[in-house]
Amino acid sequence: MNFQKSNHTEFIIILALLMASYTLTINMLLPAFDSMSKSLKLNDKSQIQLSVSLLYLGTGISQLFYGALADAFGRKKVIYIGYVLFLIGCLISFLSWNIHILLVGQIVQGIGLGAPRVLSITIARDKFIGKKMAKIISLVVAINVIVPIISPILGKLILETSTWRMLFITFFCFGLIAFSLFGFRIKETLPIEKRKGVTFKHILSATLEIIKNKKSIGYTTIAGLFSGVFIAYLNLSQEIFEFQYQLGSQYPFYFGFLAFSIGLALVFNAKLVEKLGMKLLVKSAIICSIIVSMIILEFQQPLSLWVFILFMFLLLFSYGILVGNLTSLAMIPFGHIAGIGSSIIGSISTLVAVPLSIIVGAYYDGTTSILVFSFFTIGIISILIYRFIDN
């Protein structure tokens, strides 16, 4: 690499902004669930919670197409298409007059966000490999963790001065800024001579190569399991903090504090990944989640607020260790098909995560027991998968 230090820093920041479009859209909506339900005259708040899962689903499905297109036409053109769709989705959601139109807007936003989300990882893979890539991804996500810390607070401030519809105007403006910076400041990372045609044979060959790689599929499945429970936590967070623990308007601050644990883990990971290796960090994080969950299961339900805060801080710290390393481990063998590789890996992870998040949310009973049990269960499943693929 011949990056100047300033250019290298700018590269990381802009990749973080691409990923932040995805995170911002989800986390700023969380404080608005109650007001959106009332405005759209919904009796069941779970319909609004479904909008987040559908956004994830739209992202997961769309990634399958963006990778192949990016390998054929380059990374930048495809990200442009994704951002245009995202901006259209924001306008649909802003103008929605019932829950069905809102859900359509969320799906379109999700489909659009698939491009910057998956291709930010692809661009990192174009430039770096192995532990260096894991470090870059960790730094990108560490910067990006500022978004879930401040976005619920920002969302709450917007709701206090305007309506929930203004949130979608905010998403639109942020997306436009990220789109412009990427367009003007990041050069295409896939040379024309390395591009591959969008043919069924090429896509099928690449897909079979990825599916046959048991280690990559194993790492991707583990990422999907943990992401599924994490999404369920996001969907339930307002219900848990604002109503179960009766924190009212203080909810975004508690949520932001817990989001900080992910950022702390990512900074920790960026410093240690080249010394300890990705595999050791992944195994340690999975074991930590099992032990913490097992201890918390011994507590009588419902958990006190501070026991729950401690529990979630440790588990989200473990999640922060896992998220970058699992993606990097899954992507290592696929530098020659980075676009499709990143797409399929991202799609599999999302398609594991979304149904799981819906199932966990459906079993929420007014206590946090389902989250504790879910983290324990996926921890056991993940360590079994890890042992199988590590042989």
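Here, residue 1 is the first one in the sequence, and each next residue gets the next number.
Checked against side-chain hydrogen bond (donor to acceptor under 3.5 Å, both in side chains), Ser96 has no partners two or more places apart in sequence or in another chain.
Leu102 places a side-chain heavy atom less than 4.5 Å from the side chain of Ile99. Between Phe388 and Lys214 the shortest side-chain heavy-atom distance falls below 4.5 Å. The closest side-chain heavy-atom distance from Leu18 to Leu15 is below 4.5 Å. Side-chain contact between Leu247 and Leu305 is present, with heavy atoms from C-beta onward closer than 4.5 Å. The side-chain heavy atoms of Glu160 and Leu157, taken from C-beta on, include a pair separated by under 4.5 Å. Side-chain contact between Leu356 and Ile231 is absent, with no heavy atoms from C-beta onward closer than 4.5 Å. Using a 4.5 Å heavy-atom threshold, the side chains of Val292 and Cys288 count as touching.
Although no hydrogens or angles enter the test, the distance criterion places no donor-acceptor pair under 3.5 Å between the side chain of Ser261 and the main chain of Phe257. Between the Thr161 side chain and the Ile158 main chain, a donor and an acceptor come within less than 3.5 Å of each other. Not a single donor-acceptor pair under 3.5 Å links the side chain of Ser293 to the backbone N or O of Ile290. In this structure a side-chain-to-backbone donor-acceptor pair under 3.5 Å is present from Thr170 to Met166. Judged by distance alone, the side chain of Ser357 and the main-chain N or O of Gly228 form no donor-acceptor pair under 3.5 Å. Asn325 contributes a side-chain N or O that, together with a main-chain N or O of Ile321, makes up a donor-acceptor pair within less than 3.5 Å.
Note that OG of Ser349 is 13.5 Å distant from CD1 of Ile344, once rounded to the nearest 0.5 Å. Atom-to-atom distance recorded for Ile385:CD1 and Leu225:CG is 5.5 Å, nearest 0.5 angstrom. Taken to the nearest 0.5 Å, the CZ atom of Phe376 stands 10.5 Å off from the CD1 atom of Ile381. Note that CG of Leu24 and CG of Leu17 are 10.5 Å apart. Values are rounded to the nearest 0.5 Å. Between the CZ atom in Phe260 and the CZ atom in Phe317 there is a gap of 10.0 Å [rounded to 0.5 Å]. Between the OG atom in Ser304 and the CD1 atom in Ile309 there is a gap of 9.5 Å [rounded to 0.5 Å].
Close placement of the Phe168 and Phe171 rings is indicated, their centers lying within 6.0 Å of each other. With ring centers used as reference points, Phe226 lies 6.0 Å or more from Tyr319. Taking the ring centroids of Tyr245 and Phe308, they lie under the 6.0 Å cut-off.
Environment of CZ in Phe313: crowded, with over 12 heavy atoms of neighbouring residues, nucleotides or ligands closer than 6.0 Å. Heavy atoms from other residues, nucleotides or ligands lying under 6.0 Å from CD of Gln246 number 12 at most. Crowding of Tyr80 atom OH: a count of heavy atoms from other residues, nucleotides or ligands under 6.0 Å exceeding 12.
The cluster map of Ile, Leu, Val, Met, Phe, Trp and Tyr, joined by side-chain heavy atoms under 4.5 Å apart, puts Val352 and Ile359 in the same cluster. Cluster membership for Ile296 and Ile287, using ILVMFWY side-chain heavy atoms within less than 4.5 angstrom, is shared.
Closest approach of Leu159 to Ala32, counting heavy atoms only: CD1-CA, 3.6 Å. Across Ala330 and Thr220, no two heavy atoms sit closer than the pair CB-OG1, 3.6 Å. Contact record, Lys215 with Ile389: CE-O, 3.2 Å, taken as the closest heavy-atom pair. For Leu167 against Gly155, the heavy-atom pair with the smallest separation is CD2-CA, 3.9 Å. Across every non-hydrogen atom of Tyr66 and Leu119, the tightest pair is O-CD2, 4.5 Å. Counting all heavy atoms, side chain and backbone alike, Leu326 lies closest to Ile222 at CD1-CG2, 3.8 Å.
Taking the ring centre of Tyr386 as origin, the terminal cationic atom of Lys283 falls outside the region bounded by 6.0 Å and 45° from the ring axis.
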Could you list the donor-acceptor pairs under 3.5 angstrom formed by side chains in residues 107-114, with sequence neighbours left out?
from, atom 1, to, atom 2, distance (Å)
Gln109, OE1, Ser93, OG, 2.9

Just list the side-chain donor-acceptor pairs under 3.5 Å for residues 178-188, sequence neighbours left out, or say none.
from, atom 1, to, atom 2, distance (Å)
Ser180, OG, Leu176, O, 2.8
Arg185, NE, Glu10, OE2, 2.8
Arg185, NH2, Glu10, OE1, 3.3
Arg185, NH2, Glu10, OE2, 3.3
Glu188, OE1, Arg75, N, 3.1
Glu188, OE1, Lys76, N, 3.0
Glu188, OE2, Arg75, N, 2.8
Glu188, OE2, Leu190, N, 3.0

Run the side chain to side chain contact (heavy atoms under 4.5 Å, CB included) check on Phe243 and Asp34 step by step: do they pass? CA-CA 11 Å; Phe243 300 107; Asp34 192 49; 4.2 Å; yes
Would you check, one step at a time, whether the test side chain to side chain contact (heavy atoms under 4.5 Å, CB included) holds for Val360 with Tyr233? CA-CA 9 Å; Val360 173; Tyr233 160 70; over 6 Å; no
Show your working on side chain to side chain contact (heavy atoms under 4.5 Å, CB included) between Ile380 and Thr377 and close with a plain yes or no. CA-CA 5 Å; Ile380 295 295; Thr377 304; 5.9 Å; no
Taking it one step at a time, do Tyr83 and Ser21 satisfy side-chain hydrogen bond (donor to acceptor under 3.5 Å, both in side chains)? CA-CA 9 Å; Tyr83 265 114; Ser21 300; 2.8 Å; yes
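Looking only at atom types and distance, the side chain of Tyr364 has a donor-acceptor partner in the side chain of Gln244 under 3.5 Å away.
The aromatic rings of Phe375 and Phe311 lie perpendicular to each other, with more than 60° between the two planes, well past the 30° mark.
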